[in-house]
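Written out below as structure tokens is the structure these notes cover.
Just the heavy atoms: all of them, side chains too, but no hydrogens, waters or symmetry mates, feed the values below. The sequence lines fix the lettering, A, B, ..., with proteins before strands; numbering per chain opens at 1.
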Amino acid sequence: MKRPPNPLFPLQDLNPSQRDAVTTVDGPLLILAGAGSGKTRVITYRIAYLLQERNIPPYAIMAVTFTNKAAGEMRERVISLAGREGRMVWISTFHSACVRILRQHADRMGISRHFTIADDSDSLRIIKGILKEMNVDERVLPARRVSYLISRAKNALVEPEGMADLGEVRRDHLMEKVVLAYGHYEERLRASQALDFDDLLFFTFRLFEGHPDIRDNLEDILQFIMVDEYQDTNHAQYQIIRHLSARRRNICVVGDDDQSIYRWRGADITNILSFESDFPEAKVVSLMENYRSTGHILKAASCLISRNLGRKDKELRAVRPDGLKVSAFAAVDERDEADFISATILDLMRREGFAAGDFAVFYRINAQSRAIEDSMRRNNIPHAIVGGVRFYDRMEIRDTLAYLRLILNPADWTSFERVINAPARGIGKVTLEKIRSCAAKDAPPEKAVLEALKSVKITKKAASALSAFLETMGGLRDKVQVQALDELVVSVMDDTGYLPALQSEDTEAARNRIENLQEFLTVVHDFLEISTGVEESGSDTLSAFLDQVSLVSDIDSWEDKGSAVTLMTLHMAKGLEFPVVFLAGMEEDLLPHYRSQGEPAELEEERRLCYVGMTRSRERLFLTLARRRRIFGQYDHTHPSRFFSELPDENVELHSESAFPILGLTGRGGPSRIPSEGTIAISEFHYEPEPVEGEETLLPGTEVSHPMFGVGQVMGVEGEGGDARITVYFPKGGKKKLIAKYANLRVI
DNA sequence: TACATCCTTCTTTTT
DNA sequence: GAAGGATGTA
């Protein structure tokens, strides 16, 4: 389907460097796209350019993003630029693309085409079980840590044997345990015909390595590859990209090293920093004109990020006028902070005509959302929280999904264990253990059940429940091919007794769960609506649905509807923009987070996080902090984030209603509510707070000595005065809870 | 085996 | 300040 070059291709919409990036299509290309520099526009125009000006067939182009939302938006914009052809361009996330490839070639990898995608909580559950079997004390080696280390290994394409060589983990007895657990974990996943998130990448890489014909075939088809958010790719993704572009080398990566915020998930910032040495013939185009933010905001953000050492030296240019300065506000506590945000929003809406959808509040951790949400509710401000407790993480949804997975993949032990006693059927730990002991190696759970019914003593009640369960599952598997997906889901809820059990419960919680299940049915309907037209078997539809559900992220369902204030973590904020942005919790130990202060590289990532948040803002930016904050239900004093002191005076001012000035910021003389000695210094502050529960001289962290246990450190204080209960960690005696008036503690 | 009650721990960030 | 785990009771 050749078509003459389109003389009207809208290159005039682009500035010179954008145009350069769009029209450079042969050979490796690195597009360094600063915040707000029109990155998405460049990618979509480039795809349209390939289609229309170079007559490249759409199936020869692949664009990879990190979220489904980004992929969906990209597809829409390509279609609106290039017409229907754009529909056929392969635009997807890394993980979705890998699933598609793996389902197609599962046989070559020796796995079932219907493999289950194990999510994080599945993984964690499996690892917990393994550690227990290995008699590893979770306090010495938490499952979370093991899970993290395994994930890091997989992202680095390292198998259990090679794990001990990973730089950050030393070879010691704990490490041996982790390596062992990794091995067991893999066995368990394979027996269940399951792949975890990291496996999706790792197996795709292995597929390419071990089966060059498949790789070559794909490489023949995919002539042009584009990768968005390249700064957040991990090693596995990097290697997959290398494979796909090995021969043609038409690889275009787009990113900004200053916005790399997924180091903790294995993202390797050196991928983008060393692109030019990986592809020596690469052309580099820098997009350094920022069209988004007003001058003060951009200059403040640029100054902050310039503190990082591990970055390419560059400077964004503000296209827009200076606008208003960045506003800093110090609140008394997190409630006061939230109320300030609410009041400011109401004020801006009333006086300057902003709509609720123009505002976003960003924070470092999800737990911060509560106070803000409360305040918005009190003030009747429409708001939407993105993230936090996910819909798909609700128990009833996970249970239903587990049934669906088990229908498709009878080997799925994790799902089996989840649903075998949901609803309660009288099958507990003991029976389950019997079933497990009857399982021959790699035997699917239902075989093991049959075996157990035959050869082991099982209570009458449990035995009949098990038989009924087997029958139900058999019946559901028959229904897959004859029922539409929505009917099937209803069958699952009814036939398994799950919904009837909830209905007979008659509690608020149960009604809530039933509501969620109904909501789940709408999700199914929506899915069916979108995926019409494709002729598939029942199991293929189910499989596609489960894939989609496994790979959605919270941000995918967020829509810019203009009707509500958006509340989300800084991580979710990447790629978005809002007229007015609040960055809440600008405190030491929160931003930067205390877990990130070990290595300089981690601190730099926190700074990037702050930078990402600031650069989301178009017109107005507010940085707020609370001088004391409840953490784990207890008040703690805070210090202003060190990032305040890294902002330039001339672009930031203290908000006129700030309860306290912040040392290192301008604004002296302005604020009205300030006690004169109330300045908060970056490293310390002299302000005497109004008395807080149980908190006298024994702040957490205080060194104390005890007549019997010796020297220790205060971990927490509950209650007040002499009756206060003080938790102290003694290196010699361990953790102790002591009553203040009896403990005879001396502050050192 | 199920349910209630206590206790502990936890919170980064998520495809 | 919740949620999951451990423990005890029916």
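- Within 4.0 Å (heavy atoms only), A:F197 reaches at least one base atom of the nucleic acid.
- Here A:D374 pairs with A:R370, A:R377, A:R378 under the side chain to side chain contact (heavy atoms under 4.5 Å, CB included) rule; sequence neighbours left out.
- A cation-pi arrangement is absent between A:R616 and A:F578, since the terminal nitrogen or guanidinium carbon is not both under 6.0 Å from the aromatic centre and inside a 45° cone about the axis.
- Using a 4.0 Å heavy-atom distance criterion, A:F94 is classed as making no nucleic acid contact.
- Aromatic pair A:F66/A:F94: centroids less than 6.0 angstrom apart.
- In the set B:dT13, B:dT11, C:dG5, C:dG5 carries the atom at the smallest distance from any side-chain atom of A:K128.
- In this structure, A:N366 atom CG and C:dA2 atom C1' are separated by 14 Å, rounded to whole Å.
- Residue A:R125 is classed as having no contact, given no heavy-atom separation below 4.0 Å to the nucleic acid.
- Using a 4.0 Å heavy-atom cutoff across all strands shown, A:I365 reaches at least one base atom of the nucleic acid.
- As rounded to whole Å, 15 Å separates atom C1' of C:dA2 from atom CD of A:E373.
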Q. Can A:D122 and A:R398 be said to form a salt bridge (Lys or Arg N to Asp or Glu O under 4.0 Å), step by step?
A. CA-CA 10 Å; A:D122 293 331; A:R398 296 190 61 102; 3.2 Å; yes

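- Rounding to whole angstrom units, CZ of residue A:R370 and C1' of C:dG1 are separated by 7 Å.
- Protein atom CD of A:E606 is 8 Å distant from nucleotide atom C1' of B:dT13, rounded to whole Å.
- Looking at A:S123 and A:Y185, their side chains do bring a donor and an acceptor atom within 3.5 Å of each other.
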Q) Under the salt bridge (Lys or Arg N to Asp or Glu O under 4.0 Å) criterion, do A:D228 and A:K39 qualify, and how do the steps go? A) CA-CA 9 Å; A:D228 192 14; A:K39 178 189 72 162; 3.2 Å; yes

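- Residues A:V552 and A:I427 each lie close to DNA chain B; by heavy-atom proximity, the contact nearer the 5' end of the strand is made by A:I427.
- With A:W90 as the aromatic partner, A:R75 does not meet the cation-pi criteria of under 6.0 angstrom to the ring centre and within 45 degrees of the ring axis.
- For A:S96, no side-chain nitrogen or oxygen approaches OP1 or OP2 of B:dT15 to under 4.0 Å.
- Comparing B:dT13 with C:dG4, their P atoms sit 16 Å apart, to the nearest whole Å.
- Heavy atoms of A:S596 sit under 4.0 angstrom from at least one base atom.
- B:dT15 atom P lies 22 Å from atom CZ of A:F203, rounded to whole Å.
- Residues from residues 264-272 of chain A with heavy atoms under 4.0 angstrom of DNA chain B, sorted by number: A:W264, A:R265.
- The nearest whole Å value for the distance from the CG atom in A:L102 to the C1' atom in B:dT15 is 15 Å.
- Set against B:dT15, B:dT1, C:dA2, the side chain of A:H95 has B:dT15 as its closest nucleotide.
- Comparing B:dT1, B:dT14, C:dA2 by their nearest atom to the side chain of A:V430 picks out B:dT1.
- Here the two rings, on A:H593 and A:W264, have centers that are 6.0 Å apart or farther.
- Of the residues in residues 415-426 of chain A, those placing a heavy atom less than 4.0 Å from an atom of DNA chain B are A:N421, A:G426, in numerical order.
- Checking B:dT13, B:dT15, B:dT11 against the side-chain heavy atoms of A:D120 singles out B:dT15 as nearest.
- Atom CG in A:D393 sits about 18 Å away from atom P in C:dA2, given to the nearest Å.
- In this structure, the CZ atom of A:R630 is 10 Å from the P atom of C:dA2, given to the nearest Å.
- When each of A:T569 and A:P142 is assigned the nucleotide of DNA chain B with its nearest heavy atom, A:P142 is the one assigned upstream, toward the 5' end.
- In this structure, A:R265 is positioned above the aromatic face of A:Y262, its NZ or CZ under 6.0 Å from the six-membered ring centre and within 45° of the axis.
- In this structure, A:R425 is not positioned above the aromatic face of A:F469 in the sense of NZ or CZ being under 6.0 Å from the six-membered ring centre and within 45° of the axis.
- Here the nucleotide nearest the side chain of A:K132, chosen from C:dA6, B:dT11, C:dG1, is C:dA6.
- Cation-pi geometry between A:R206 and A:F202 is satisfied (NZ or CZ under 6.0 Å from the ring centre, within 45° of the ring normal).
- Within the 4.0 angstrom heavy-atom criterion, no nucleotide atom of any strand lies near A:N68.
- Residue-to-nucleotide proximity on DNA chain C shows that, of A:I631 and A:K429, the 5′-proximal contact is made by A:I631.
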